[in-house]
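Reading through the structure tokens given below for one structure.
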2 protein chains.
Amino acid sequence: MPLPSQLLLQASLFRGLPEQDRQAVLAQARVRDFAAGQFIVHQDELVGELLLATRGRVRLYQLTPDGHQVILHIAGPGEAIVLLPALTGEQSSVSAQAVEATSALAWDEADFRALMRRFPGLGFNAIAILGEHIRLYQDRIRELTTERVERRLARTLLRLAKQLGVRTAQGVLIDLPLSRQHLAEMSGTTLYSASRILRAWEEHGIVSSGRERVTIRSPHKLVAIAEDLQR
Amino acid sequence: MPLPSQLLLQASLFRGLPEQDRQAVLAQARVRDFAAGQFIVHQDELVGELLLATRGRVRLYQLTPDGHQVILHIAGPGEAIVLLPALTGEQSSVSAQAVEATSALAWDEADFRALMRRFPGLGFNAIAILGEHIRLYQDRIRELTTERVERRLARTLLRLAKQLGVRTAQGVLIDLPLSRQHLAEMSGTTLYSASRILRAWEEHGIVSSGRERVTIRSPHKLVAIAEDLQR
DNA sequence: CGTTCTTTTGAGACAGCTCAATTTACGTGG
DNA sequence: CCACGTAAATTGAGCTGTCTCAAAAGAACG
């Protein structure tokens, strides 16, 4: 099996590890594949393994009792799909569903913990990843309590563009099937408000969006909206 | 200096550490004291040390460009005041201000990292703590996007009661100077809405609140509001 | 070329915010 | 211990951003 080593060199989890150690860690991983739309873990379930995406995209979300979805993150190649439950042995706080055909490396919880004892760098990297998540979440909490919908939506698009953006002739395409509903669930609003705002932006030449696709034509203007540089 | 060892046995950071190791870690700590109201760290500043509260209460918050505060957490004895920046070497994502006279143990960033290499249990505990924060933040994001103010306020009070609640004759007192403004900043609303809701709850015998004080008379009813058990 | 899912758009409702004006509680100093 | 000043809390009134619900139009796919 040819490992996608270029990508895994960049994976935050392995950053700074000596090549030899990295190989030792990779040697213990299994490969798992998920079809588009397949559920990978369910909220409040025990998982028992650490999953690191190598291909595809995974939607991480929480479900409320009355059926609302809140999307917390879209994980792409090089990112962990399930990390915390494997590190702490607790159940998952989120559900994960593959958006596209996805592959991942999998380590058994116990195995990975043993690896962390052997290679302390792994532990530091895990902490750094959790730290990034914490910062992102803190930012979102601040945005949700102090900013209005339009700005939050702008931030969501900018975050997505940074993470999954692809340069095209028209601008930056967010390379992911992304409905208005999904955008709403990432921004803390409703599908209707998201649709109206995107329409308005389309009129102003800021974005160009179709069915489950968004291209940012003018990242600059979007930043202006997100950061309130206009008035 | 007599260490408050009972408390430090419970501190999540030292959980499960052999007594001997714990002593070795504690031996490298300095004690720092902060007056009520004193600023401990500022957002976006480098910190350079890990701070573990042993006494008092610390408000952790973010400030928005237009001056709004968003309170992310109130840290009490046994909890870390500054953790992530020391672990990753990055600047702090939050500001910290002592609510009361506060004491803390302090380790230099580099020293603590060395201790983590020596005692891997420290690293696992750090991960567990970060994990708890992540779960709390995820919950808040979900609440902010799907629940209305009254319920969020109920949850805020319940969280505070769980963490800092003191049983009294009238109910559970939240042992902390806590204005309507602060409650609003923890719940994602305004001081006015918080005030109105508390008044209504007072009328229904759910809480009894005075100036910067809240006592929960009927935790049961508050849970009913938070969890929507009523209708 | 009908079926299904996504998106758009309209109209109305309302939760919660804003702003202003009091009232209440506390601490301090005379 | 009282009077005063200050900060917190309450309350009213009006406004509006955003949600809700309904309906129709557009896009994809067998």
Side-chain angles (χ1 to χ4, degrees), chain A residues 36-37 59 64 66-71 99-100 143-157 174 176-204 206-215 225 228 231, chain B residues 36-37 59 64 66-71 99-100 143-157 174 176-204 206-215 225 228 231:
Chain A
R59 188 162 47 235
T64 67
D66 53 314
H68 282 268
Q69 267 195 24
V70 178
I71 299 178
V99 183
E100 312 167 340
E143 292 163 16
L144 283 167
T145 58
T146 62
E147 296 175 359
R148 2 188 120 166
V149 169
E150 186 180 25
R151 191 172 307 178
R152 299 205 304 266
L153 193 58
R155 286 194 196 275
T156 298
L157 283 186
I174 293 170
L176 179 84
L178 188 70
S179 68
R180 304 291 180 271
Q181 176 73 45
H182 291 143
L183 274 177
E185 287 166 354
M186 301 182 80
S187 310
T189 181
T190 59
L191 124 76
Y192 308 101
S193 296
S195 175
R196 277 181 237 269
I197 291 169
L198 277 191
R199 255 353 307 292
W201 286 349
E202 185 114 36
E203 237 103 83
H204 291 92
I206 301 173
V207 303
S208 121
S209 69
R211 191 189 173 92
E212 304 206 299
R213 285 286 149 189
V214 179
T215 299
I225 292 169
D228 194 23
R231 71 193 65 159
Chain B
R59 187 163 46 237
T64 67
D66 53 315
H68 282 268
Q69 266 195 23
V70 179
I71 299 179
V99 183
E100 312 167 340
E143 292 163 16
L144 284 166
T145 57
T146 62
E147 296 176 359
R148 9 188 109 163
V149 169
E150 186 180 26
R151 191 171 306 176
R152 299 206 302 268
L153 193 58
R155 286 194 197 275
T156 297
L157 283 185
I174 293 171
L176 180 83
L178 188 69
S179 68
R180 304 289 181 272
Q181 177 74 45
H182 291 143
L183 274 176
E185 287 167 355
M186 300 183 80
S187 310
T189 180
T190 60
L191 124 76
Y192 308 102
S193 296
S195 175
R196 278 180 237 270
I197 291 170
L198 276 190
R199 253 358 302 293
W201 286 349
E202 185 118 35
E203 238 103 83
H204 291 92
I206 300 173
V207 304
S208 122
S209 68
R211 192 189 173 92
E212 302 205 299
R213 286 285 151 191
V214 180
T215 299
I225 292 169
D228 194 23
R231 69 195 65 160

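Protein chains get the first letters and strands the later ones, always in sequence-line order, with residue 1 at the start of each. Just so you know, these numbers use all the heavy atoms, side chains as well, and skip hydrogens, waters and symmetry mates.
Here the side chains of A/P177 and A/V99 are in contact, with some heavy-atom distance below 4.5 Å. B/R155 has its side chain within reach of B/E143: a pair of non-hydrogen atoms, C-beta onward, lies under 4.5 Å apart. The closest side-chain heavy-atom distance from A/Q181 to A/Q69 is not below 4.5 Å. Side chains of A/E185 and A/V70 form no contact here, defined as non-hydrogen atoms less than 4.5 Å apart.
For the pair B/R199 CZ and D/dT10 C1', the interatomic distance rounds to 8 Å; values are reported in whole Å. D/dT20 atom P lies 11 Å from atom CD of A/Q181, rounded to whole Å. The nearest whole Å value for the distance from the CZ atom in A/R196 to the C1' atom in D/dC19 is 9 Å. In this structure, A/Y192 atom OH and D/dA24 atom C1' are separated by 13 Å, rounded to whole Å. At whole-Å resolution of the value, CH2 in B/W201 and C1' in D/dA9 are 16 Å apart.
Base contact: B/L191 has a heavy atom under 4.0 Å from a base atom. Backbone-only engagement by B/S179 is indicated by non-hydrogen atom pairs under 4.0 Å involving sugar-phosphate atoms exclusively. Within 4.0 Å of B/R211, counting heavy atoms only, lies at least one base atom of the nucleic acid.
Qualifying side chain to side chain contact (heavy atoms under 4.5 Å, CB included) partners for B/H68, counting only residues two or more places apart in sequence or in other chains: A/T146, B/T64, B/D66. By the side-chain hydrogen bond (donor to acceptor under 3.5 Å, both in side chains) test, B/T156 is found to be paired with B/S187, residues two or more places apart in sequence or in another chain being considered. For A/R213, the salt bridge (charged side-chain N to carboxylate O under 4.0 Å, His left out) partners two or more places apart in sequence, or in a different chain, are A/D175.
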Between A/L198 and A/L183, is the side chain to side chain contact (heavy atoms under 4.5 Å, CB included) condition met? List the steps.
CA-CA 10 Å; A/L198 277 191; A/L183 274 177; 3.8 Å; yes

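Taking the C1' atoms of five terminal pairs at each end of the helix from C/dC1-D/dG30 to C/dG30-D/dC1, the two resulting helix axes are inclined by 40°, rounded to 10°.
Close approach of DNA chain C to chain B, defined as any atom under 4.0 Å from a non-hydrogen atom of the protein, starts and stops at C/dA15 to C/dC26.
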Under-3.5 Å N/O pairs linking protein and nucleotides 14-18 of chain D:
residue	atom	partner	partner atom	Å
D/dT18	OP1	A/V149	N	2.9

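Remark: side-chain polar atoms of A/R59 are not paired, donor with acceptor, to backbone N or O of A/I71 under 3.5 angstrom.
The nearest pair of heavy atoms linking B/E150 to B/I225 is CG-CG2, 4.0 Å.
Side-chain contact of A/R211 with A/S179: a donor-acceptor pair under 3.5 Å is absent, judged by distance alone.
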